[in-house]
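For reference, the structure is listed below as structure tokens.
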Amino acid sequence: MLTLKLPDGSVRQVPEGTRPREVAASLGKRLAQAAIAAKVNDKVVDLDSELRDGNGELSFQVLTDKDKEALAVLRHSCAHIMARAVLRLFPGAQLAFGPALENGFYYDIDSPTPIREEDLPRIEEEMRKIIAAAEPFERFERPTSEARELVRDLGQGYKVEHIDDDLKQYPTLSFYRQGEFIDLCRGPHVPHAGKVGAFKLLSIAGAYWKNDASRKQLQRLYGTAFFNQKDLDAYLHQLEEAKKRDHRVLGKQLKLFTISPAVGSGLILWMPKGATVRGILEGFIKEELLKRGYQPVYTPHIGRLELYRTSGHFPYYRDAQYPPLFLHQLGQTVDTWLALLESDQLSEQAEAAFLKLLEEAGKTMTDVPGEPAATLGRYAAAGKDKAKKAEALQAWLGRQEGYLVKPMNCPHHIQIYKAEPHSYRDLPVRLAEFGTVYRFEQTGELAGMTRVRGFTQDDAHLFVTPEQIEEEFSANLDLVLFVLSSLGLNDYRVRVGLRDPQSDKYVGKAENWEKAEQTLLSLVQSRGMNFSAEKGEAAFYGPKIDFVVRDCIGREWQLGTVQLDYNLPERFDLEYIGKDNAPHRPVMIHRAPFGSLERFVGILIEHFAGAFPLWLAPEQVRVIPVSERFREYGQRIENELRSHGFRVAGDYRPEKIGYKIREAQLEKVPYMLIVGEKEQSAGTISVRDRVDGDLGAMSIAELVKRLHDEVKERRIRQVSTASAGLSERGAQFAD
RNA sequence: GCUGCUGUAGCGUAGUGGUAGCGCGGCGCCUUGGUAAGGCGCAGGUCGUGGGUUCGAUCCCCACCAGCAGCUCCA
């Protein structure tokens, strides 16, 4: 016998092998009808699974359409239904993976005839037939070798590969059958297809088999499903609403920024209003840094290539950088040559052409530094040895004067640290700069302000003694948290980025990594922070703690980051003189509370739906005269407020005030001042608030005080209709 | 970078193998007003760029550029 503990605390005895469906039936007829799956000891299982293994008691819960876990089961089943429909319409299609997602599901499919967006309605139509038939999902198991034969006979090559690669260690594998459709699947599933109350196929996109860009690209069909139409409609409506706060849309509407193909992809042009917001944020940070003992520095936008070879950035991220600039034009050529050689893309003809070019140059150009002839000799001597050829070219390139548009500020800051000797008494040294960096991000990655090719980090590098690490690192976590909370950005998650033990992309000694990772983990633990430790998310020189937020369509972006680095100090041979009068190696902390100003402002636009709080609003107050007769009075008010440091504009167009108010409202101006006959004669203004509407008449002094207080406290009043979507989103993504 | 889709006036959009409409915005005139759109009129387009097919291309084909969604990447 098994003892089941039900959610209400009551206990029930059932024989071993009883099915959840039977338990549900014994609990009540309606419950049995509503049952989707069951949760046994926190594991979601089919209604037809057998209850076993009752050492002590099992916690048992019937899941219905009220439970979140049931929705995930439904979506997974809907993915199967979609796959079944696709197999009917696209014979020969092969299935890869088809999981449920937070908000829906997908299935990766490799079809001999590509599936197009126009095909989605047909597939939906077929799915509706399957759902109407309401056939059950039947689970069965096979020993692994038989399972392999079965999927092979079904013509499902990806499933065969999946078994060979990942599932061999299991003695048996499970399948689900639904009519003619059989799929290798762990489950669980809803009892029958009819449980899918509402669904919609949303899009098709490419996705690599096993998420590996070197493997075949499949078609990923996305969809979502709910228990009823109302929930689906609500979800689709919410998607539409979320899109309205897209920073790319609002940035254009509110004239915050623009991107011009004439300047280049991923390069942000800050328009006056956006620049105002950015400037205020910069001031905000600068003030904080001053309080926290940082020292400002400025460094140039380019640096010697050699510097970035030493730091490792150039070799590690070569493809993601703008190509180096060589003072001698031959440098570019040889650099291209080397890049082709290293990536195995150098054809014989190209190689011959390069050789000829270098030879000619050696003869005719008298200004080529670094003896091209000797390089040619070494290259020829290398024969077919790729590494030696590369060495020859590198040796020549190393003697060229070359510069890199900086992809990172740290090497520059390190040179400032190195410019003078340091005593342990000086440490920590905290060098801060709004450093603009350039990275050649892949075209497919560019997105508004959130993923760009040129951006400004609110960067700083701390040089500390080993004893200071914890305190300084912790202080920086405080700074990031302070910044986020000052802006009401509470919907973020904390990620501890650790190295991936499988990968060789990391520099430095294992023991340093070990030490650094332990420091970070114990720090977040002792602070009681919610975090997820993720392997493979570290920087190449050290582990880090990132603050990650979502944009209006649910994509995650890293904002603030604090990173611990034992390795660059070693690469650059940094020192300080300790108490013992001997040189010691400092440790570096890299950190940026905003991350990049571009991305941060982009996320802020979405967070506030364009309605910035008063202290950030590019235009804080707009004076709106009732008619042109009150222009002079309006301008007097403007000047008065301006003299108090507020950002003010006046709208003196010959339009009715309703029109002008509407416009100011749409432009998200926090305060509108209506002035007419009454106000002029009483020396007052009528104040209209963006959130609360008409506040009535006020003296200028009263208004100034109100504005001052609101700015000083950096009050965030506006999490109103416009940003309601965000809290909904927060709730939705809460787990 | 890869897969798919898109590109028409400043913005949002309609449309067609015979060189283009609408709304908002802009400009002008009338209206001088009291808290989310007053009226009339005018101007504004090499239909992303470059090739090709065709008697003729904004429309069909190719390449490039840019954007969107997803994948991969992200110091």
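The shown structure was predicted, so the numbers you read here are calculated from the model rather than taken from an experiment. Below, read A as the first sequence line, B as the second, and so on, with proteins coming before strands; counting in each chain starts at 1. Any value given below was found using the heavy atoms of this structure, including those in side chains, with hydrogens, waters and symmetry copies removed.
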Tell me which nucleotide among [options] gets nearest to the side chain of [X].
{"X": "Asp694(A)", "options": "A75(B), G38(B), U35(B)", "result": "U35(B)"}
{"X": "Ser265(A)", "options": "C11(B), A66(B), A75(B)", "result": "A66(B)"}
{"X": "Arg220(A)", "options": "G70(B), U32(B), C68(B)", "result": "G70(B)"}
{"X": "Asn211(A)", "options": "A75(B), G34(B), C71(B)", "result": "C71(B)"}
{"X": "Pro261(A)", "options": "A36(B), A66(B), G34(B)", "result": "A66(B)"}

For [X] and [N], what is the distance between atoms [atom1] and [atom2] respectively, to the nearest whole Å?
{"X": "Leu446(A)", "N": "C71(B)", "atom1": "CG", "atom2": "P", "result": "16 Å"}
{"X": "Glu655(A)", "N": "A37(B)", "atom1": "CD", "atom2": "P", "result": "12 Å"}
{"X": "Phe572(A)", "N": "A75(B)", "atom1": "CZ", "atom2": "C1'", "result": "13 Å"}
{"X": "Phe630(A)", "N": "G33(B)", "atom1": "CZ", "atom2": "P", "result": "7 Å"}
{"X": "Asp212(A)", "N": "C73(B)", "atom1": "CG", "atom2": "C1'", "result": "12 Å"}
{"X": "Arg622(A)", "N": "U35(B)", "atom1": "CZ", "atom2": "C1'", "result": "14 Å"}
{"X": "Tyr208(A)", "N": "C71(B)", "atom1": "OH", "atom2": "C1'", "result": "6 Å"}
{"X": "Lys243(A)", "N": "A69(B)", "atom1": "NZ", "atom2": "P", "result": "8 Å"}

| request: Run the salt-bridge test on Glu306(A) and Arg309(A) with the 4.0 Å N-O cut-off and return the result as yes or no. | output: yes
Open item on the list: Check this for me: does any side-chain nitrogen of one of Asp166(A) and Lys210(A) sit under 4.0 Å from a carboxylate oxygen of the other?
Closed with: yes
So what does [X] hit on the nucleic acid, given a heavy-atom distance under 4.0 Å: a base, only sugar-phosphate, or nothing?
{"X": "Gly658(A)", "answer": "sugar-phosphate"}
{"X": "Glu677(A)", "answer": "base"}
{"X": "Gln321(A)", "answer": "base"}
{"X": "Lys505(A)", "answer": "sugar-phosphate"}
{"X": "Tyr222(A)", "answer": "sugar-phosphate"}
{"X": "Ile674(A)", "answer": "base"}
{"X": "Ala539(A)", "answer": "sugar-phosphate"}
{"X": "Lys678(A)", "answer": "base"}
{"X": "Ser214(A)", "answer": "nothing"}
{"X": "Glu556(A)", "answer": "nothing"}

Extract from the structure each pairing of a protein N or O with an N or O of nucleotides 42-45 of chain B at less than 3.5 Å, listing the distance.
none

Can you tell me how far [atom1] in [N] sits from the matching atom in [M], rounded to whole Å?
{"N": "C64(B)", "M": "G7(B)", "atom1": "C1'", "result": "14 Å"}
{"N": "C30(B)", "M": "G15(B)", "atom1": "C1'", "result": "35 Å"}
{"N": "C24(B)", "M": "U19(B)", "atom1": "C1'", "result": "26 Å"}
{"N": "G50(B)", "M": "G18(B)", "atom1": "C1'", "result": "24 Å"}
{"N": "G41(B)", "M": "U53(B)", "atom1": "C1'", "result": "44 Å"}
{"N": "U49(B)", "M": "A57(B)", "atom1": "C1'", "result": "15 Å"}
{"N": "C22(B)", "M": "A14(B)", "atom1": "P", "result": "15 Å"}
{"N": "C2(B)", "M": "A75(B)", "atom1": "C1'", "result": "23 Å"}

> When you look for runs of 3 or more Watson-Crick or G-U pairs in a row, both distances below 3.5 Å, which of them include RNA chain B?
Replying inline: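 Expected stems, ordered by start: B:1-7 with B:65-71, B:10-13 with B:21-24, B:26-30 with B:38-42, B:48-52 with B:60-64.
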With no hydrogens and no angle check, just 3.5 Å: does a side-chain donor-acceptor pair link [X] and [Y]?
{"X": "Ser596(A)", "Y": "Gln457(A)", "result": "no"}
{"X": "Thr299(A)", "Y": "Glu433(A)", "result": "yes"}
{"X": "Thr561(A)", "Y": "Asp546(A)", "result": "yes"}

Under 4.0 Å: is that the gap between some side-chain N or O of [X] and OP1 or OP2 of [N]?
{"X": "Arg688(A)", "N": "G34(B)", "answer": "no"}
{"X": "Arg662(A)", "N": "U35(B)", "answer": "no"}
{"X": "Ser203(A)", "N": "A69(B)", "answer": "no"}
{"X": "Lys216(A)", "N": "U3(B)", "answer": "no"}
{"X": "Thr443(A)", "N": "A66(B)", "answer": "no"}
{"X": "Tyr317(A)", "N": "A75(B)", "answer": "yes"}
{"X": "Lys544(A)", "N": "A75(B)", "answer": "yes"}
{"X": "Arg653(A)", "N": "G26(B)", "answer": "yes"}
{"X": "Tyr659(A)", "N": "G25(B)", "answer": "yes"}
{"X": "Arg631(A)", "N": "U32(B)", "answer": "no"}

- Would you find a donor on one side and an acceptor on the other, under 3.5 Å apart, between the side chain of Glu702(A) and the backbone of Ser699(A)? yes
Test your reading of the model: is there a side-chain donor-acceptor pair from Arg591(A) to the backbone of Asp458(A), 3.5 Å cut-off? yes
- Taking the six-membered ring of Tyr106(A) (Phe, Tyr or Trp), confirm whether the NZ or CZ of Arg220(A) is under 6.0 Å from its centre and within 45° of its axis.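 Judged by the rule, Arg220(A) and Tyr106(A) form a cation-pi pair.
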Compute both the distance and the angle, then confirm whether Arg690(A) meets the cation-pi test with Tyr671(A): under 6.0 Å from the six-membered ring centre, within 45 degrees of the axis.
-> no
So, [X] versus [Y], ring centres under 6.0 angstrom or not?
{"X": "Tyr566(A)", "Y": "Trp513(A)", "answer": "no"}
{"X": "Phe314(A)", "Y": "Tyr308(A)", "answer": "no"}
{"X": "Phe463(A)", "Y": "His413(A)", "answer": "no"}

Comparing Arg629(A) with Arg439(A), nearest RNA chain B nucleotide closer to 5' gives the residue Arg629(A)
When Ile259(A) and Arg451(A) are each assigned the nearest nucleotide of RNA chain B, the 5'-most assignment goes to Ile259(A)
Should the pair Tyr438(A) and His301(A) be assigned to parallel (<30°), tilted (30 to 60°) or perpendicular (>60°) ring geometry?
tilted
Notebook entry, point to check: Any donor-acceptor pair under 3.5 Å between the side chain of Glu628(A) and the base of U32(B)?
Noted result: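 Yes.
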| field | side-chain hydrogen bond (donor to acceptor under 3.5 Å, both in side chains) partner of Asp110(A), the single match among Gln219(A), Gln217(A), Lys216(A), Gln94(A) | value |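 Single side-chain hydrogen bond (donor to acceptor under 3.5 Å, both in side chains) partner of Asp110(A) among Gln219(A), Gln217(A), Lys216(A), Gln94(A): Lys216(A).
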